[in-house]
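In what follows, a single structure is set out as structure tokens and then discussed.
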Amino acid sequence: MKTDVAIIGSGPSGLFLGHLLRQEGISCTIIERQSAEHVLSRIRAGVLETVTTDLMTQLGLDERMQKESMRHDGLTLSINGEEVVIPVTDITGKHVTVYGQTEITRDLIDAAPERGVEIVWEASDVALHDVDRDNPYVTWTKDGETHRLDTTLIAGCDGFHGPSRKAIPDAEKHSYEMVYPFGWLGIMADVPPCHEEVIYASHDDGFALASMRSPTRTRCYVQVDVDDSVENWSDDRFWEEFKFRIGPHFAKHVTTGPSIEKSIAPLRSFVCESMQHGRLFLAGDSAHIVPPTGAKGLNLAASDITYLSRAMISWFKTGESAELEGYSQKALARIWKSERFSWYLTRLLHRFPQYSGFERRMQDAELRYLVESEAAQKTIAENYVGLPL
Ligand code: RFL
Ligand code: PHB
């Protein structure tokens, strides 16, 4: 088998890239470890910048998103129950869109067969070979048989734990990492959201977040210890703690109901430099992780793919290699700014067990500054809607 681009991983990064390349007549095959059902059962991001919605529009796959998504023009902070509204559209002229990552993934997977985006599901032992030569190839096992795909370029879109980043020799890469001492316990429930905007709540007992997927589906989180487990959290305990942390003003609008999903996600900041080696190019979570505070993970995957697809298309069409050679540097410039915003918002809003009285006072002072200063609100707003490409 031979293709122009072998794409490892069928998350949003791999699917976006596959569709964008096919739109320009470039052949590609996506090789995914899981089944389609498994990929579609994962519940992750929900707040989209225009960099992400623009890709759906560019692909002509935005019909359902236009109908079912919700436009958000602001975000709400609850500071120990005190409401602070940041009117992001008034400040920036831009808005964000609430439409689940699961729905984006579904739209891209559903359209794959008619657009010639080939996806190999349930491929095990995926391995990358000769990535620093002109003829790299990928191997995997499926149904007891070994397969080999010869290719010109490889896109590593296989998330944090996939094999692509590991295929870059240690001497050629450097990782920067910060692991936080807490996680987010998230639940999804088929009840109406308690507020029309997303609420980020800073409370003495810890962070909480009220979000949504639709007018009838709520997504909420509370900060928990990193070694806590979902078994410790009945739905009743979750709702009680969530209501306490978002404060009485919002709590009175909370409709509780049985969770349809409940999980704990650890929080991490991570960047791998460089994002390319020879014929291999990393994109999305395979190269970087942000804590979910600020909703940047999926949107960063979309900006990586915007740069990478343009560079690959230019290389295949003109033979010019400058854009492809500059991919990592260009993508990292935007990634580091989103890393900073996610890290800043995480530090501002969470309770850190190791924080001294002084650091707690600094958090309080910064929150008071945010309440009172238009300039401080502007920096949140322009990052939240997404920095320019
Ligand atoms: P993905 O979505 O992780 O997709 C990678 C794909 O690669 C596959 N894979 C392999 N395929 C072949 N061989 C192997 N050996 C493989 N190993 C892995 C995986 O099965 C998967 O299908 O990365 P991608 O495409 O770069 O997209 C990035 C986004 O998914 C991610 O940034 C966000 O979802 C992060 N994230 C969140 N971001 C937000 O903006 N808001 C959120 O609320 C939010 N919640 C989350 C999240 C990520 C989570 N993870 C990674 C566990 C909640 C969770 C639980
Ligand atoms: C979500 O809706 O899942 C969500 C929203 C905002 C975030 C993180 C997650 O910052």
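We count ligands from 1, going down the list as the structure has it; atoms in each ligand are counted the same way. Bear in mind that the values here come from a model prediction, so they are computed numbers and not experimental data.
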Should one rank [options] by closest heavy-atom distance to [atom], which comes out on top?
atom	options	result
atom 8 (C) of ligand 2	P292, A210, G46, A45	P292
atom 24 (P) of ligand 1	G284, G186, S13	S13
atom 48 (C) of ligand 1	K166, R44, Q34	R44
atom 1 (C) of ligand 2	Q101, R213, R44	R213
atom 32 (O) of ligand 1	I289, D285, T293	D285

Using a 4.0 Å heavy-atom cut-off, which part of [X] comes near ligand 1: side chain, backbone, both, or neither?
X	answer
H161	neither
I31	backbone
S263	neither
H38	neither
Y221	side chain

Quiz item: Are any of the heavy atoms in W184 under 4.0 Å away from ligand 2?
Solution: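 Within the 4.0 Å threshold, so yes.
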Quiz item: Any idea which part of A295 is under 4.0 Å from ligand 2, heavy-atom wise: side chain, backbone, both or neither?
Solution: both
Quiz item: Has A123 got any heavy atom lying under 4.0 angstrom from an atom of ligand 1?
Solution: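 Checking ligand 1 against A123, which is what was asked, there is no heavy-atom contact under 4.0 Å.
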Should you measure from each heavy atom of [X], which atoms of ligand 2 turn up under 4.0 Å away?
X	value
R219	3 (O)
Y221	1 (C), 3 (O), 9 (C)
V47	5 (C), 6 (C)
Y200	6 (C), 7 (C), 10 (O)

Quiz item: Does an N or O anywhere in G294 fall below 3.5 Å from an N or O of ligand 2?
Solution: yes
Practice problem: For atom 39 (C) of ligand 1, find the nearest protein heavy atom and state the residue, atom name and distance (0.1 Å precision). | Solution: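 In this structure, atom 39 (C) of ligand 1 has A45 CB, 3.2 Å as its nearest protein heavy atom.
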Quiz item: What protein heavy atom is closest to atom 2 (O) of ligand 2, reported as residue, atom name and distance in Å?
Solution: S211 OG, 2.6 Å
